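Report on the following structure.
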Amino acid sequence: MIIYKDIITGDELLSDTFKIIDVGDGLWEVDLKKVTKGGDNFVLEGANPSAEGEDAEEGGDTENKQQVLDIEDQFRLNKMEGGMDKKAFTSDLKAYIKRLNNKLKAEPDGETKSKEFQSGAAAALKKLSANVADYDIYMGESMSSEGMYILVNFREDGITPFATIWKHGLKEEKV
């Protein structure tokens, strides 16, 4: 399995178990799912929930359950409540692009990576800034202001969540 980490903070953000789509301009879209977290309650095969004093349809304790994104649960991402306005978001994104570009230049074969990143960064910035109101914004486990924002939106069906991630801002680690 491959774990993708934020190249700046080292936070784990993604793995190859997710469906990753390269949408151009240095961005990946990752299909997500909603999962139920908390209130774990399982019934052994052959057990009768009604005989155990539980409602068979509810499956027990529903008060501690909540729907979260699978990527949020697996990689301990933190949602930025309240989102951001377009001006602040664009400013933060420009600063991130600059940090990422400097980090790429410092790597072996950095000039090539940097040029590839820069060729799509402006178009990606424009696209992301135009749609900032549609995104839920997540940060890595460290909550570092230096790190990448994971931008979550919904597909045209309004049901299927997906994340937008900078592919050049990730480093692969095989586990």
Side-chain angles (χ1 to χ4, degrees), residues 1-41 59-101 103 117 120-121 123-173 175:
M1 176 164 59
I2 298 174
I3 301 289
Y4 295 97
K5 293 184 172 186
D6 186 316
I7 200 169
I8 294 173
T9 66
D11 291 338
E12 294 180 355
L13 301 178
L14 182 64
S15 73
D16 64 348
T17 59
F18 289 85
K19 180 181 177 189
I20 300 170
I21 304 164
D22 190 335
V23 294
D25 294 329
L27 299 175
W28 280 350
E29 285 184 357
V30 181
D31 286 339
L32 307 175
K33 295 177 189 155
K34 290 261 188 180
V35 296
T36 303
K37 181 180 176 184
D40 292 335
N41 187 19
D61 184 15
T62 58
E63 293 160 7
N64 294 331
K65 294 181 181 179
Q66 67 182 57
Q67 291 279 320
V68 296
L69 297 171
D70 52 357
I71 195 171
E72 176 184 8
D73 185 39
Q74 292 176 25
F75 296 101
R76 298 173 297 282
L77 301 182
N78 298 290
K79 185 175 181 179
M80 292 178 60
E81 295 299 331
M84 297 178 85
D85 65 24
K86 185 175 180 177
K87 186 176 180 179
F89 178 78
T90 303
S91 173
D92 282 1
L93 211 50
K94 284 181 180 178
Y96 173 75
I97 288 170
K98 187 175 182 178
R99 281 191 302 274
L100 180 55
N101 193 41
K103 185 77 170 178
F117 170 67
L125 174 66
K126 186 175 180 179
K127 174 185 170 186
L128 297 176
S129 294
N131 298 313
V132 68
D134 297 335
Y135 294 120
D136 287 334
I137 303 171
Y138 290 81
M139 298 176 79
E141 183 178 19
S142 69
M143 293 286 293
S144 171
S145 61
E146 303 283 305
M148 180 188 315
Y149 289 152
I150 295 86
L151 307 171
V152 176
N153 199 351
F154 290 87
R155 299 253 182 239
E156 293 77 25
D157 64 8
I159 299 170
T160 310
F162 71 95
T164 303
I165 297 177
W166 294 91
K167 72 178 181 182
H168 292 93
L170 301 170
K171 62 181 174 185
E172 292 183 11
E173 182 177 295
V175 290

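None of these values were measured; they are calculated from a predicted model. Along the sequence shown, residues are numbered consecutively beginning with 1.
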Stepwise side chain to side chain contact (heavy atoms under 4.5 Å, CB included) check, V23 with F162: CA-CA 12 Å; V23 294; F162 71 95; over 6 Å; no

Results of side chain to side chain donor-acceptor pair (under 3.5 Å) for [X] - residues two or more places apart only:
X	value
Q74	none
S91	none
K103	none
E156	none

Could you tell me whether a side-chain N or O of R99 sits under 3.5 Å from a main-chain N or O of E146, the two making a donor and an acceptor? yes

Roughly how far, to the nearest 0.5 Å, is [atom2] of [Y] from [atom1] of [X]?
X	Y	atom1	atom2	result
D73	L32	CG	CG	12.0 Å
S144	D6	OG	CG	8.0 Å
K5	L14	NZ	CG	13.0 Å

Shortest non-hydrogen contact from [X] toward [Y]:
X	Y	answer
V68	K37	CG2-CB, 3.9 Å
G140	I150	N-CD1, 4.5 Å
M148	W166	CE-O, 3.5 Å
T9	G147	CG2-CA, 3.5 Å

Take the angle between the ring planes of F89 and Y149 and call it parallel below 30°, perpendicular above 60°, tilted in between. parallel

Is the shortest heavy-atom distance from the side chain of [X] to the side chain of [Y] under 4.5 Å?
X	Y	answer
D134	F154	no
L77	I71	yes
L170	I7	no
L69	K34	yes

Please report the C-alpha distance between N131 and N153 in whole Å, then the side-chain angles of each, then the deciding distance to 0.1 Å, and finally whether the side chain to side chain contact (heavy atoms under 4.5 Å, CB included) criterion is met. CA-CA 10 Å; N131 298 313; N153 199 351; 5.5 Å; no

Suppose the criterion is ring pair (Phe, Tyr, Trp, His ring centres under 6.0 Å): which pairs have a residue in residues 5-31, not counting sequence neighbours? Y4-W28

Under the criterion side chain to side chain contact (heavy atoms under 4.5 Å, CB included), I'd like the reasoning laid out for Y138 against L13: C-alpha separation, chi angles, the key distance, then a yes or no. CA-CA 10 Å; Y138 290 81; L13 301 178; over 6 Å; no

Classify the side-chain pair Q67/T36 by whether it contains a donor and acceptor separated by less than 3.5 Å. yes

With sequence neighbours left out, write down each residue that passes side-chain contact (heavy atoms from CB on, under 4.5 Å) with M143, or none if nothing qualifies. N78, M139

Enumerate the salt bridge (charged side-chain N to carboxylate O under 4.0 Å, His left out) contacts for residues 10-32, please, sequence neighbours excluded, ordered by first and then second residue. K19-D31, D22-K167, E29-R155, D31-R155

Can you run down the salt bridge (charged side-chain N to carboxylate O under 4.0 Å, His left out) pairs that involve residues 77-98, sequence neighbours left out, and say none if there aren't any? K79-D136

Sorted by chain and residue number, the salt bridge (charged side-chain N to carboxylate O under 4.0 Å, His left out) partners of K127 (sequence neighbours excluded) come out as none

Passes side chain to side chain contact (heavy atoms under 4.5 Å, CB included), I137 versus L151? Steps please. CA-CA 5 Å; I137 303 171; L151 307 171; 3.9 Å; yes

